[in-house]
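Here the structure is a predicted model, which is why all the values come from computation and not from measurement. Counting convention: from 1, in listed order, for ligands and their atoms alike.
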Amino acid sequence: MRVIMLGAPGAGKGTQAKKIADQYQIPHISTGDIFRANIKNGTELGKKAKSYMDQGLLVPDELTCDLVVDRISQPDAAKGYVLDGFPRTIPQAEALTNALLARGEKIDYAVNVEVPDENIVSRMSGRRACLACGATYHIVYNTPVKEGICDVCGKELVLRDDDKPETVKKRLDVYHAQTQPLIEYYQKAGVLAEVDGTQDINVVFEDITKILGA
Ligand code: AP5
Ligand code: MG
């Protein structure tokens with residue numbers, strides 16, 4: 001099963017993608033997590049990506065598309081995957097569609113997690129992230145067992161550099177201008193499904209499993 005998560009920054013794409021990956025035993029592929037791992041390891045890609053991410057801007061398509069096409073060609077992705085944060089522009093969606101088409105494959109579901117902008121900024125300021133494994137928590141809505149420590153891998157949780165309110169505002173603007181058009185793109189492709197992302201995390205996931213099937 002090949003699934004794409006759509007939604008604004010902070011809508012809960014990562015939170016739900018992790019649950020989907022566990023339930024359906026497919027890899028969770030997050031371009032944001034890949035860039036953050038590269039930044040942490042000081043790679044050339046990380047240096048380039050950071051300059052865009054810190055401003056709330058998108059990393060250029062040419063640094064992003066090949067990376068994802070390469071990742072979904074790995075053996076562990078043969079039975080499917082959940083893509084989180086990609087595609088984010090129409091050219092990225094077209095690159096993905098064409099890469100899949102060349103292999104006789106297609107996306108099965110594009111799940112749009114809907115959350116209004118006014119809920120986003122408060123969610124982001126309470127988010128805590130594990131840069132080691134990509135797990136995400138919230139100081140009110142999704143707390144780790146031990147404060148400040150990742151339940152999954154035991155590393156320290158941090159506030160992401162791009163979660164400052166002014167950067168979140170910019171990311172929302174970029175989302176509306178460049179990423180929201182993908183909703184129509186996947187609607188036309190006949191694979192769009194929408195869920196109300198303002199509900200409790202587990203209720204959102206129940207709605208998603210109804211769409212994806214048991
Ligand atoms: P990325 O890491 O993808 O960030 P994003 O899309 O801005 O989304 P977030 O990760 O911030 O939010 P999310 O939807 O995953 O929400 P989460 O589950 O954490 O990208 C970062 C940057 O990298 C981009 O700005 C760009 O520069 C670059 N980039 C990445 N991909 C790119 C691409 N394809 N092309 C170009 N550039 C790219 O949830 C948020 C918070 O809310 C958490 O604290 C969570 O616990 C909480 N929460 C989640 N669900 C609920 C709920 N139902 N109720 C209450 N709280 C909830
Ligand atoms: Mg995320």
Among all protein heavy atoms, pick the one closest to atom 56 (N) of ligand 1 and tell me residue, atom and distance.
-> Tyr141 CD1, 3.3 Å

For atom 10 (O) of ligand 1, the protein heavy atom that lies nearest, with its residue and separation = Arg160 NH1, 3.1 Å

Side-chain donor-acceptor contact under 3.5 Å, Ser73 with Arg103 = yes

Side chains of Asp61 and Thr89, donor plus acceptor under 3.5 Å | yes

Starting from atom 23 (O) of ligand 1, locate the nearest protein heavy atom and write down its residue, its atom name and how far away it is, to 0.1 Å.
-> Met53 CE, 3.3 Å

Between Gln199 and ligand 1, find which residue part has any heavy-atom pair under 4.0 Å and reply side chain, backbone, both or neither.
-> backbone

Looking only at protein heavy atoms, what sits closest to atom 18 (O) of ligand 1 is Thr15 OG1, 2.5 Å

Out of Ala8, Gly7, Gly14, whose heavy atom sits nearest atom 15 (O) of ligand 1?
-> Gly14

For ligand 1, the portion of Asp162 having any non-hydrogen atom under 4.0 Å away | side chain

When you measure from atom 16 (O) of ligand 1 to every protein heavy atom, which one gives the shortest distance, and what is it?
-> Gly12 N, 3.2 Å

Measure Pro87 to ligand 1 on non-hydrogen atoms and call it side chain, backbone, both or neither using the 4.0 Å cut-off.
-> neither

When you measure from atom 44 (O) of ligand 1 to every protein heavy atom, which one gives the shortest distance, and what is it?
-> Tyr137 O, 2.7 Å

Proximity of Met5 to ligand 1 by residue part, where a heavy atom lies under 4.0 Å | neither

Of the protein's non-hydrogen atoms, which lies at the shortest distance from atom 9 (P) of ligand 1, and what is that distance?
-> Arg127 NH1, 3.3 Å

closest protein heavy atom to atom 30 (C) of ligand 1 is Arg88 NH1, 3.4 Å

